[in-house]
**Q** 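One structure, as structure tokens, below. Some questions next.
Basis for what follows: all heavy atoms, side chains included, without hydrogens, waters or symmetry-related copies. Chain letters run A, B, ... following the sequence lines, proteins first and then strands; every chain starts at 1.
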2 protein chains.
Amino acid sequence: MDRAYKEVQQITLAVDCIIFGFNNNQLEVLLIHRGFEPEKERWSLMGGFVGNREDLDAAAHRILHDLSGLEDVYMEQVRTFGKADRDPYERVVSTTYSALILKERYKAELIAQYRARWFSIDDLPNLIFDHKQMIVSALNRLRRRVRTVPIVFNLLPKKFTLPQLQKLYEGILGEELDKRNFRKKLNTMDFLVKLDEKDMSGSRKGAYYYQFDEKKYDRDTNFNI
Amino acid sequence: MDRAYKEVQQITLAVDCIIFGFNNNQLEVLLIHRGFEPEKERWSLMGGFVGNREDLDAAAHRILHDLSGLEDVYMEQVRTFGKADRDPYERVVSTTYSALILKERYKAELIAQYRARWFSIDDLPNLIFDHKQMIVSALNRLRRRVRTVPIVFNLLPKKFTLPQLQKLYEGILGEELDKRNFRKKLNTMDFLVKLDEKDMSGSRKGAYYYQFDEKKYDRDTNFNI
DNA sequence: CAATTAGGTGTTAAGTTAACACTTATTTCT
DNA sequence: AGAAATAAGTGTTAACTTAACACCTAATTG
């Protein structure tokens with residue numbers, strides 16, 4: 001590799017993924033259990049190193065794919081953690097990415113392989129390094145973003161019900177919402193399409209399925225919860 | 001340097017600073033003219049490389065200090081640019097920081113030394129690499145932040161007038177604000193303290209000076225413009 | 001057929017934002 | 001000395017948004 005800035009020190013660059021999922025009406029993150037040293041028996045985010053010729057975003061997608069089997073996942077960069085001593089074993093600067101996935105799509109066999117587990121965001125285990133802070137900053141970002149950008153639909157199946165959607169918002173925001181006000185607001189958004197079909201699993205009455213119509217959204221990108 | 005993750009490739013890590021200032025009732029950024037190859041005669045952000053044992057935030061402050069003479073400057077990390085080919089001369093990943101400085105404190109001799117110049121944000125010159133995008137993302141972040149956090153006072157002298165403050169907000173947000181509504185809102189914020197003294201330079205009548213009282217703000221951190 | 005359960009539906013008061021025009025203090029000009 | 005000029009300073013109202021609140025409905029179970 002030829003180098004233009006020859007005298008400059010180089011640094012190990014990592015990506016850590018905060019993988020959010022919605023399960024049991026709760027917002028959860030997927031963590032992996034370290035069965036190896038260093039920091040054996042503790043939990044960590046899914047992470048990996050950035051290749052020298054690899055786009056940073058591409059590294060995030062590669063790492064998520066290797067560890068989850070998922071492609072085409074919605075991801076956003078959150079921020080970069082660069083304290084010199086954040087990893088006590090070596091200087092590593094890490095850029096975090098937040099990923100929104102559908103739990104059902106996550107390959108179960110990988111859970112076993114990586115000793116992964118879903119944790120509710122308000123019941124996190126002991127995490128290595130600054131991974132707790134990383135989750136907190138990703139969650140804060142998510143809380144801001146879901147109010148103005150329709151990204152929550154990445155956490156739901158194509159067809160979902162309004163009670164589901166409300167529970168999801170409540171899980172993300174960490175507060176209860178008024179059912180009537182919530183539905184009133186969503187009703188003004190034309191890109192939320194009501195289907196003729198009902199989900200009968202959650203109640204006797206059944207709840208109508210809805211779908212997010214991306215094309216309709218692109219025509220009128222107003223979104224505000 | 002001992003390395004725990006031995007097989008991993010390392011990457012040159014840089015910091016680029018988007019230095020905002022408020023001059024002539026306009027929001028401006030400070031750029032440096034490259035009098036050397038590569039990319040001679042083009043403009044760029046102030047940047048530098050991150051040392052192997054240096055905190056990322058510390059690197060940003062060091063670079064700003066070296067090039068501006070300023071310490072204790074308000075800075076925030078914006079985001080990390082990591083396209084493999086963003087710098088055509090070598091793979092460099094760059095984390096951007098946005099700095100809010102008071103133009104009067106910037107040492108004039110450094111302007112000459114680095115061939116630096118202030119540019120209005122809506123009249124930027126041709127910039128190297130992805131520096132234009134960096135400015136855009138820093139500006140977008142600034143526009144969001146100034147509405148909920150009292151950071152604009154870093155761009156003004158200790159004593160400032162309300163007409164000045166309004167012009168500053170208008171410069172940042174890129175839109176005109178209603179004078180009466182603006183002042184009504186600020187009047188509800190107790191941490192903005194009116195002094196008995198007037199600035200007579202801008203008008204015949206003179207405008208009262210105000211000060212931002214950090215202690216009062218800390219007691220009641222409501223802020224919303 | 002009564003009881004149970006979660007889904008679904010509107011109205012009003014309170015608060016916030018947006019729109020708008022005149023008076024005042026001081027300097028400069030004649 | 002007084003008139004003209006200039007930017008600073010000041011309140012009210014309508015429009016809109018948000019928050020609070022309770023009952024009926026559809027389907028299943030016993």
**Q** Got more than 12 heavy atoms from elsewhere within 6.0 Å of NZ, Lys83(A)?
**A**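 Open.
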**Q** What is the minimum heavy-atom distance between Glu39(B) and Ile128(B), and which atoms define it?
**A**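 Of all heavy-atom pairs spanning Glu39(B) and Ile128(B), the closest is CB-CG2, 3.6 Å.
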**Q** Counting only heavy atoms not in Glu214(A), do more than 12 sit closer than 6.0 Å to its CD atom?
**A**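 Check fails, neighbour count at 12 or below.
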**Q** Tell me the closest heavy-atom pair linking Ala14(A) and Val92(A), and the distance in Å.
**A** CB-CG1, 3.6 Å
**Q** Within a reach of under 6.0 Å around CD of Glu176(A), are more than 12 heavy atoms found that belong to other residues, nucleotides or ligands?
**A** no
**Q** Pull out every residue in residues 156-176 of chain B that has a heavy atom closer than 4.0 Å to any atom of DNA chain C, ordered by number, or say none.
**A** none
**Q** Reading DNA chain C from 5' to 3', where do the contacts with chain B start and stop? Cut-off is 4.0 Å to heavy atoms.
**A** dT17(C) to dT28(C)
**Q** By a strict heavy-atom criterion of less than 4.0 Å, which residues belonging to residues 188-197 of chain B are in contact with DNA chain D?
**A**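 None, since no heavy atom is under 4.0 Å.
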**Q** Do Asn181(A) and Lys184(A) have a side chain donor and acceptor closer than 3.5 Å?
**A** yes
**Q** What's the shortest heavy-atom distance between Phe223(B) and Pro150(B), and which atoms?
**A** CE1-CB, 3.6 Å
**Q** Does a donor on one side chain and an acceptor on the other come within less than 3.5 Å for Asp16(A) and Ser94(A)?
**A**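 The criterion, which ignores hydrogens and geometry beyond distance, is satisfied for Ser94(A) and Asp16(A).
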**Q** Got a sec, which residues hit side-chain hydrogen bond (donor to acceptor under 3.5 Å, both in side chains) with Asp123(B), two or more places apart in sequence or on another chain?
**A**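 So Asp123(B) forms no side-chain hydrogen bond (donor to acceptor under 3.5 Å, both in side chains) with any residue.
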**Q** Taking CZ from Phe182(A) and P from dT18(D), how many angstroms apart are they, rounded to a whole number?
**A**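 Going from Phe182(A) (CZ) to dT18(D) (P), I get 14 Å.
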**Q** Check the pair Lys216(A) / Asp190(A) against salt bridge (charged side-chain N to carboxylate O under 4.0 Å, His left out), numbers first and verdict last.
**A** CA-CA 7 Å; Lys216(A) 284 189 178 165; Asp190(A) 300 333; over 6 Å; no
**Q** Produce a footprint string for nucleotides 21-29 of chain D: one letter per nucleotide, 5' end first; B if the base is under 4.0 Å from any protein heavy atom, S if only the sugar-phosphate is, - if neither.
**A** BB--BBBBS
**Q** Between the side chain of Arg115(B) and the main-chain N/O of Arg34(B), is any donor-acceptor distance below 3.5 Å?
**A** no
**Q** Check whether Lys198(A) reaches the backbone of Lys205(A) with its side chain - one donor and one acceptor, N or O, closer than 3.5 Å.
**A** yes
**Q** Given atom OH of Tyr209(B) and atom P of dG9(D), what is their separation to the nearest angstrom?
**A** 12 Å
**Q** Keeping to residues at least two apart or across chains, list the ring-ring contact (aromatic ring centres under 6.0 Å, His included) pairs with something in residues 195-221 of chain A.
**A**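 Every pair satisfying ring-ring contact (aromatic ring centres under 6.0 Å, His included) with a residue in residues 195-221 of chain A: Phe153(A)-Phe212(A), Phe191(A)-Phe212(A), Phe191(A)-Tyr217(A), Phe212(A)-Tyr217(A).
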